[in-house]
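Below: the structure, in structure tokens.
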Amino acid sequence: MAEVEVRLTQVYKAFGGDAAGRRVAQYIKPDEHGVIVAVDHIDLEVREGEFFSLLGPSGCGKTTTLRMIGGFEQPTSGLIELAGQDVTWLPPYKRNVNTVFQSYALFPHLTIFDNVAFGLRRRKIAQAEIKTRVREMLELVELPGYENRKPGQLSGGKAQRVALARALVNKPAVLLLDEPLGALDLKLRKQMQVELKRIQADVGITFIYVTHDQEEAMTMSDRIAVMNRGKYEQLGDPETLYERPATEFVAGFLGVSNLLMASIGDRDGDYAAAHLADGSTVRIPATLKGPVAAIKIGVRPEKIRLYAEGAPVPEQMNRLEGQVMDASYLGASTSYIIRSNDGERITVFEQNLARTSHGSLHQPGQKVQLAWLPDHTFAVAADGHATAGGPDGA
Amino acid sequence: MRSSRPVSPRASRAWRSRLGTVTPYALLAPGILWLLIFYVVPVAQMFIFSISTGSLETGFQITYSLDAYTEGLSRYGEQFGNSLVYGGTATILTLLIGFPVAYTIAFRGGRYKNLLLFLVIAPFFTSFLIRTISWKILLGDEGPLLGPLKHVLGILPGDASLVSTPYAVIAGLTYNFLPFMILPLYVALEKIDIRLIEAASDLYASRWEAFRRITFPLALPGVFAGTLLTFIPAMGDFVNAQLLGSPQTSMIGNVIQNRFLIQNDYPTAAALSFVLMAGILVAVLAYARVLGSEQLTG
């Protein structure tokens with residue numbers, strides 16, 4: 001396993017009513033003492049060379065966590081280490097870390113060359129070396145020949161590349177990215193996601209990426225920490241987070257998921273029985289069976305097959321009955337909203353392979369059977385906390 | 001009748017587009033008119049005076065004589081010099097005092113920003129004259145500043161005096177024009193994105209370097225506006241020199257005021273005004289050049 005590059009130990013950050021507090025106060029309600037808890041005792045290890053994402057909604061503490069690693073804020077308590085060295089109280093300019101800011105924060109009065117060279121000059125690198133390194137870096141972000149322009153003359157996408165070059169040219173141990181693609185339009189964002197991943201692979205620097213866009217995090221990250229209310233609920237690679245979410249929050253935040261209340265019954269080989277509210281019984285992987293009896297089981301919309309009423313369903317599959325409420329034809333797939341017998345709404349995505357819109361889709365009002373493989377079922381505790389016996393995400 | 005016909009949409013559009021071209025001029029008109037009557041006309045009148053000869057009793061005739069200019073320049077070099085030195089020193093002092101104040105309000109003011117800004121302009125609620133006279137008391141020989149220094153601390157000899165010295169004039173000018181420096185500086189500093197300073201610090205700039213490379217260059221428009229708003233009126237000021245100074249500390253404003261209102265020597269007063277105006281104009285252009293190129297190279 002690669003070495004740990006960044007380690008956070010019991011990092012806790014609370015804001016008072018000062019200027020920094022006002023940034024987070026728009027997302028988080030202060031408690032009765034006026035204290036805003038942004039980051040609540042986080043332990044985190046980011047490995048050398050990985051693309052690590054902090055994913056979560058506004059106010060989950062992801063940006064504050066990033067800013068503490070960057071040195072722009074100090075934790076109320078806890079320890080931050082970079083490559084084994086305690087940097088908790090070091091100012092930003094003494095850390096071997098660089099940041100790509102959400103608003104790019106390019107210096108408007110300096111040329112692109114001077115922007116990119118800024119960090120190198122502060123480190124008293126020789127003039128000739130600065131020249132070559134800036135040129136190389138502008139080539140890496142595909143902006144050669146822009147040296148003498150001013151930031152105001154660049155489009156958002158190009159400004160973003162300059163911001164990236166300005167940080168990367170210093171060859172930091174860790175690059176921090178605070179929602180760097182947030183201001184770009186969708187097409188450019190997709191393009192930059194691919195490019196960021198390429199650049200990260202090229203330079204081999206550890207990236208810590210903050211975003212609220214789950215798709216963005218999934219596209220680029222080696223591992224993701226899904227954050228909520230100052231903590232992370234689950235940490236793992238994108239596939240694990242999607243296929244085996246540990247909490248209701250993670251299941252809901254990453255993609256669409258269908259959650260059904262269930263009580264766990266007896267174990268039968270590799271599977272355990274789960275009794276649903278409408279009286280039917282489905283099977284879930286036995287590894288998910290924890291000591292908590294009341295849980296929610298989940299299944300992703302694309303894992304569900306639809307069968308007409310009365311049609312034979314393969315025996316190994318979980319089966320549930322329902323009625324089509326809505327069908328939306330989306331081209332590559334069709335999205336259905338199905339109501340189960342006890343009134344739960346279940347979303348189903350079906351590839352348009354056999355069925356097309358020419359009268360062969362399931363129509364609203366039609367009774368259908370939903371079927372999915374037991375292995376595609378996941379379970380979360382009903383109160384939102386991970387089941388004790390659930391699989392460890394990381 | 002034509003006018004009773006409903007207006008076609010096309011006609012109304014044409015009318016509206018014509019209104020669009022006229023509106024800016026209509027909005028500018030009152031200001032232009034005001035400047036024409038109360039600025040251009042008096043300046044022209046002043047110019048005519050400066051090339052005239054005569055007195056208030058006999059009347060002034062345009063003689064195209066440049067005597068007023070040559071006489072004014074040859075006799076009042078010292079007062080021009082005083083204006084330049086006092087005005088310039090006061091401008092530098094307001095910048096040195098005003099920058100930290102504006103910086104603190106802009107970046108550390110927090111919720112007290114508006115209150116602090118109000119405090120900056122609060123002195124304007126009292127007459128300029130009264131405030132300057134009270135400085136005479138403040139700086140007086142036995143006043144609250146010199147008194148304790150002489151008698152309590154014993155640092156200064158008993159006959160030390162500030163009033164009637166150039167220091168008092170400069171102090172008065174600095175005090176009176178300080179808000180004109182602080183406000184434009186504040187506006188320029190307030191606009192600076194705090195993330196730029198964070199970015200500089202992220203890129204290994206110490207606090208001082210971040211200030212020197214980022215904050216100060218970005219505040220230059222405010223420095224420029226503030227120094228002009230201070231230097232130009234300070235150059236022409238006569239109240240501070242009159243109330244806080246002595247005949248030896250006369251500024252060119254005092255001479256102009258004296259020539260106009262006491263000796264009624266309009267030609268010399270007008271000529272001096274023009275020389276002052278030209279001098280300030282040249283100084284400002286040179287200043288704009290230097291500052292402008294500095295902003296480009298960072």
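Lettering of chains follows the sequences in order, A, B, ..., and the numbering in each one begins at 1.
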State, to 0.1 Å, how close His109(A) and Arg213(B) come at their nearest heavy-atom pair, and which atoms those are. NE2-O, 2.8 Å
Tell me whether the count of non-hydrogen atoms from other residues, nucleotides or ligands lying under 6.0 Å of OH in Tyr39(B) goes above 12. no
Heavy-atom count check: over 12 atoms from other residues, nucleotides or ligands less than 6.0 Å from Tyr167(B) OH? no
Are there more than 12 heavy atoms of other residues, nucleotides or ligands under 6.0 Å from atom CZ of Arg207(B)? no
Grab the two heavy atoms, one from Arg195(B) and one from Ala105(A), that are nearest each other, plus how far apart they are. O-CB, 3.8 Å
Can you say whether Ala210(B) sits under 4.5 Å from chain A via the side chain, the backbone, both, or neither, judging by heavy atoms? neither
Heavy atoms only, distances under 4.5 angstrom: which of Asn170(A), Thr99(A), Asn98(A) has the most pairs with chain B? Name it, please. Asn98(A)
CG on Leu110(A) to CD1 on Ile214(B), rounded to 0.5 Å: 5.5 Å
For Lys113(B), look at atom NZ and say whether over 12 heavy atoms of other residues, nucleotides or ligands are found less than 6.0 Å away. yes
Leu120(A) portion near chain B, given a 4.5 angstrom heavy-atom threshold: neither
Look at Gly71(A), Pro172(A), Ala167(A), Gly119(A) and state which one has the largest set of heavy-atom pairs under 4.5 Å with chain B. Gly119(A)
Non-neighbouring partners of Pro91(A) that pass side chain to side chain contact (heavy atoms under 4.5 Å, CB included), sequence neighbours left out: Tyr93(A), Lys94(A)
Please say whether more than 12 non-hydrogen atoms of neighbouring residues, nucleotides or ligands are located less than 6.0 Å from CG in Asn114(B). no
Does some side-chain heavy atom of Arg67(A) sit less than 4.5 Å from a side-chain heavy atom of Glu198(B)? yes
If a pair satisfies ring-ring contact (aromatic ring centres under 6.0 Å, His included) and one of its residues is in residues 131-152 of chain A, list it, with sequence neighbours excluded. none
Using every non-hydrogen atom in the two residues, find where Tyr204(B) and Asn96(A) come nearest and quote the distance to one decimal. OH-OD1, 4.0 Å
Would you indicate whether Trp89(A), at its atom CH2, is surrounded by more than 12 heavy atoms from other residues, nucleotides or ligands within a distance under 6.0 Å? yes
Checking Arg121(A) against chain B: side chain, backbone, both or neither under 4.5 Å from a heavy atom? neither
Minimum heavy-atom separation for Arg122(A) and Leu203(B), please, with both atom names. CG-O, 3.4 Å
Within the 4.5 Å heavy-atom criterion, are Phe101(A) and Asp193(B) side-chain neighbours or not? no
Value rounded to 0.5 Å, distance of CZ in Phe72(A) from CD1 in Ile194(B): 11.5 Å
Does atom CZ of Phe128(B) have more than 12 heavy-atom neighbours, drawn from other residues, nucleotides or ligands, at distances under 6.0 Å? yes
With only heavy atoms counted, which part of Asp202(B) is less than 4.5 Å from chain A, the side chain, the backbone, both or neither? both
